[in-house]
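Notes follow once the structure below has been shown.
Model, not experiment: these values are computed from the prediction. Residue indices begin at 1 and follow the sequence shown.
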Amino acid sequence: MKRLGLASHVSRWHVAKPSSALRFACVLAISACGGEEPVEESAPEYSEGAYATAPGAGEGTDLRFTEVARESGLDFVHENGAFGEKWMPETVGSGAAFFDYDGDGSPDLLLVNGTWWPGHEGTGRPPTQRLYRNLGDGHFEDVTASAGLALSIYGMGATVADYDGDGDPDIYLTAVGDNVLLRNDGARFTDVTVSAGVTGNAPGAPAAWSSGAAWLDYDRDGWLDLFVCNYVRWTSETDLFATIDGTTKSYATPQQYQGESCRLYRNDGSGRFADVTESAGVSNPEGKSLGVAVADFDADGWPDLIVANDTQRNFLYRNVGDGSFSDIAVRAGVAFDEAGRARAGMGVAVADLTGEGRWSIAIGNFAHEPLALFTQIGDNLFQDRAGAARLTRSTLGPLTFGVLFADFDLDGHPDLMSANGHIEPGVNAVQADQTFEQPPQLFLGDGSGRFSDVSGLVGEAFAAPIVGRGVVTADIDGDGDLDALLTVNGGAPRLYRNDLNPGSAQWIELRLEGAHPNRDALGALVLVYTEAGVQRRYVGAGSSYLSQSVLNPLLFALGEAAAVDSFVVSWPRGGRTVELGPVPTGQTITVREHR
């Protein structure tokens, strides 16, 4: 039996196949089993050269977060099913979604949950997914049972959109095992997974381990299609023995597992989906995908996909426009880091940081791998600008899962929030600079593509370490600023209420109502013009990590501008646009697509 060493960024986790009782002896006494240890290459020196750019810490901010999960009515604790054997999925989940499930205008909250492993059940009722209804003031009540969401699955993530065009949002849950499609029938959900044909598995294959997912209209027929990320081929029977101290079992990383291709499902408009993974050109069994985001990177009107892979190169699927995609990640410069290495990609987010029409892609990576910020420098060409953006030094240490762009300080520029936390509870015993729980981070953007690290300046609660995973945002209390929720593996979520005084800045909300059947207007592009410049927003599902923020309305902060000079909405079908303005600030404007 050969002892296997993993990549240097995970500090030589060692793995042995669990095919016999000898596996433990082989890991503990390698000389008796024979075999050679692989030669490790040195890790990139991310702390040198351009990466040493100052992070901008110490710059002031009036922004403050107050942690209010418990007082807001969230009594949730994530169940990862851990019982001592350290099975790999236990440390990966899970996500959340803000959306208005009952159409009352306030963002509600779905928290995705795991469950107990067979043969290792706990006491009482099995853990389920949890849905919390917003009472309109940022307080929540548990409506899981009445909404039909008391489902006990080993959940991972969620993406939400109105796939059937009936005017209410539906839920797609990813899981270890079959995924679940929940159709919203008047604020009560019905499981239609089997009839819709979207379990997340390859036809005729065993149940997959799915992770991120996103709704999109990839063929622009109006019906929302579904892209599902799959991670690795893991089962409890094939769980590998990994160790970080040479003795005790640790959570494994994905190098020694076979990858699993993502799946693309085309909506035929009848409530059924066809698996078009092969014909659409997105089949890739080498992928070990965790995060996905949708944007139109080449401005041709067709939605593209960026997929973050864990220890494999990232994918950038350019929509060709004929029902297929072409993976251009390598030539576009987003597949690897500057040293040509695949990093451990987790969550992913996309934003235009400067208003100049250049998209930036943020990807969270493993400990000792800085956050990536791939920024457009030409047609279908990106460069990692994390160093120049003053992000590298601050993000080199943590293990980053969720990443999300949002304007938290209402200055009109996207900020960046990350959820951090290690995968191994005992990591500090072998890596003095690492801990299992890690503080989240917040970087304020200045509109030039640069950021300031204000993580320690926005309140004691935000600085507290957690085992962070997903990040989602919504204005939960209707006060004009964005609040944030971070999911916690094996623990209670953190709900950070934004206590910035919104009276010091102007804002406007746009509520988009797309034409049937794409009522969510997924794929629309919004440009907002003020005296301070331009803001550009693409309406896309997915993003963050296993999570999704509220899609509608879109909140635009305008700084000190008294009015929007104009805004332009480019609808996703037919190239139609609508332009309105000037519009006074401090109000919600509904824009409807007409056909």
Side-chain angles (χ1 to χ4, degrees), residues 97-100 107 159-170 214-227 267 292-306 317-319 321 349-352 355 357-361 404-407 414 473-474 507-530 534-544 548-557 564-581 583 588-595:
F98 273 124
F99 69 112
D100 184 6
T159 183
V160 180
D162 180 10
Y163 82 89
D164 54 1
D166 67 350
D168 48 27
D170 312 295
W215 295 100
L216 74 160
D217 182 12
Y218 86 96
D219 54 2
R220 296 203 317 190
D221 66 351
W223 294 100
L224 297 185
D225 312 300
L226 180 63
F227 186 87
N267 187 344
V292 58
V294 186
D296 182 8
F297 293 110
D298 52 5
D300 64 354
W302 296 88
D304 310 304
L305 293 160
I306 176 69
Y317 288 119
R318 177 182 176 269
N319 195 327
V350 179
D352 181 353
R358 297 180 298 142
W359 296 112
S360 291
I361 304 168
L404 193 69
F405 289 112
D407 187 359
T473 60
W507 56 268
I508 192 168
E509 283 188 334
L510 296 184
R511 185 178 297 276
L512 302 184
E513 293 185 5
H516 182 273
N518 183 4
R519 295 179 181 271
D520 292 307
L522 292 186
L525 181 68
V526 180
L527 300 177
V528 174
Y529 295 87
T530 70
V534 185
Q535 295 183 53
R536 187 170 66 142
R537 196 85 56 83
Y538 184 86
V539 182
S543 192
S544 183
Q548 183 176 301
S549 295
V550 66
L551 290 175
N552 247 328
L554 303 174
L555 176 66
F556 290 89
V564 171
D565 295 336
S566 67
F567 62 82
V568 179
V569 179
S570 297
W571 299 105
R573 296 177 66 193
R576 294 183 176 88
T577 62
V578 60
E579 181 174 353
L580 296 173
V583 179
T588 298
I589 304 295
T590 298
V591 185
R592 296 180 177 89
E593 179 184 15
H594 298 287
R595 290 200 173 280

Taking the side chain as C-beta and beyond, is there a heavy-atom pair between [X] and [Y] under 4.5 Å?
{"X": "W571", "Y": "R573", "answer": "no"}
{"X": "F556", "Y": "V526", "answer": "yes"}
{"X": "V569", "Y": "L512", "answer": "yes"}
{"X": "D225", "Y": "D219", "answer": "yes"}
{"X": "V539", "Y": "D520", "answer": "no"}
{"X": "W359", "Y": "Y538", "answer": "yes"}
{"X": "S543", "Y": "V350", "answer": "no"}

Indicate the atoms forming the closest heavy-atom contact of [X] with [Y], along with that distance.
{"X": "G222", "Y": "P517", "result": "O-CG, 3.1 Å"}
{"X": "R358", "Y": "R536", "result": "N-NH2, 3.3 Å"}
{"X": "R592", "Y": "H594", "result": "O-CD2, 3.5 Å"}

Whether [X] side chain and [Y] backbone form a donor-acceptor pair below 3.5 Å:
{"X": "E509", "Y": "L554", "answer": "no"}
{"X": "D304", "Y": "F297", "answer": "yes"}
{"X": "E593", "Y": "A515", "answer": "yes"}
{"X": "N267", "Y": "Y163", "answer": "yes"}
{"X": "D166", "Y": "D168", "answer": "yes"}
{"X": "N319", "Y": "W302", "answer": "no"}
{"X": "S566", "Y": "G581", "answer": "no"}
{"X": "N552", "Y": "R511", "answer": "no"}
{"X": "Q548", "Y": "V160", "answer": "yes"}
{"X": "R519", "Y": "G165", "answer": "yes"}

Carefully, step by step, assess T159 and L226 under the rule side-chain contact (heavy atoms from CB on, under 4.5 Å). CA-CA 9 Å; T159 183; L226 180 63; 4.1 Å; yes
Roughly how far, to the nearest 0.5 Å, is the [atom2] atom of [Y] from the [atom1] atom of [X]?
{"X": "F99", "Y": "L551", "atom1": "CZ", "atom2": "CG", "value": "10.5 Å"}
{"X": "D217", "Y": "W223", "atom1": "CG", "atom2": "CH2", "value": "10.5 Å"}
{"X": "F405", "Y": "I361", "atom1": "CZ", "atom2": "CD1", "value": "9.5 Å"}

For R318, give me all partners under side chain to side chain donor-acceptor pair (under 3.5 Å), at least two apart in sequence or on another chain.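 Side chain to side chain donor-acceptor pair (under 3.5 Å) list for R318, sorted by chain: D298.
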For a side-chain contact (heavy atoms from CB on, under 4.5 Å) check, start with the C-alpha distance between W215 and V294, then their side-chain angles and the critical distance, and finish with the verdict. CA-CA 9 Å; W215 295 100; V294 186; over 6 Å; no
Among L224, L522, L305, find the residue that satisfies the side-chain contact (heavy atoms from CB on, under 4.5 Å) test when tested with L216.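 Of L224, L522, L305, side-chain contact (heavy atoms from CB on, under 4.5 Å) with L216 is met by L305 alone.
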Can L555 and D407 be said to form a side-chain contact (heavy atoms from CB on, under 4.5 Å), step by step? CA-CA 9 Å; L555 176 66; D407 187 359; over 6 Å; no
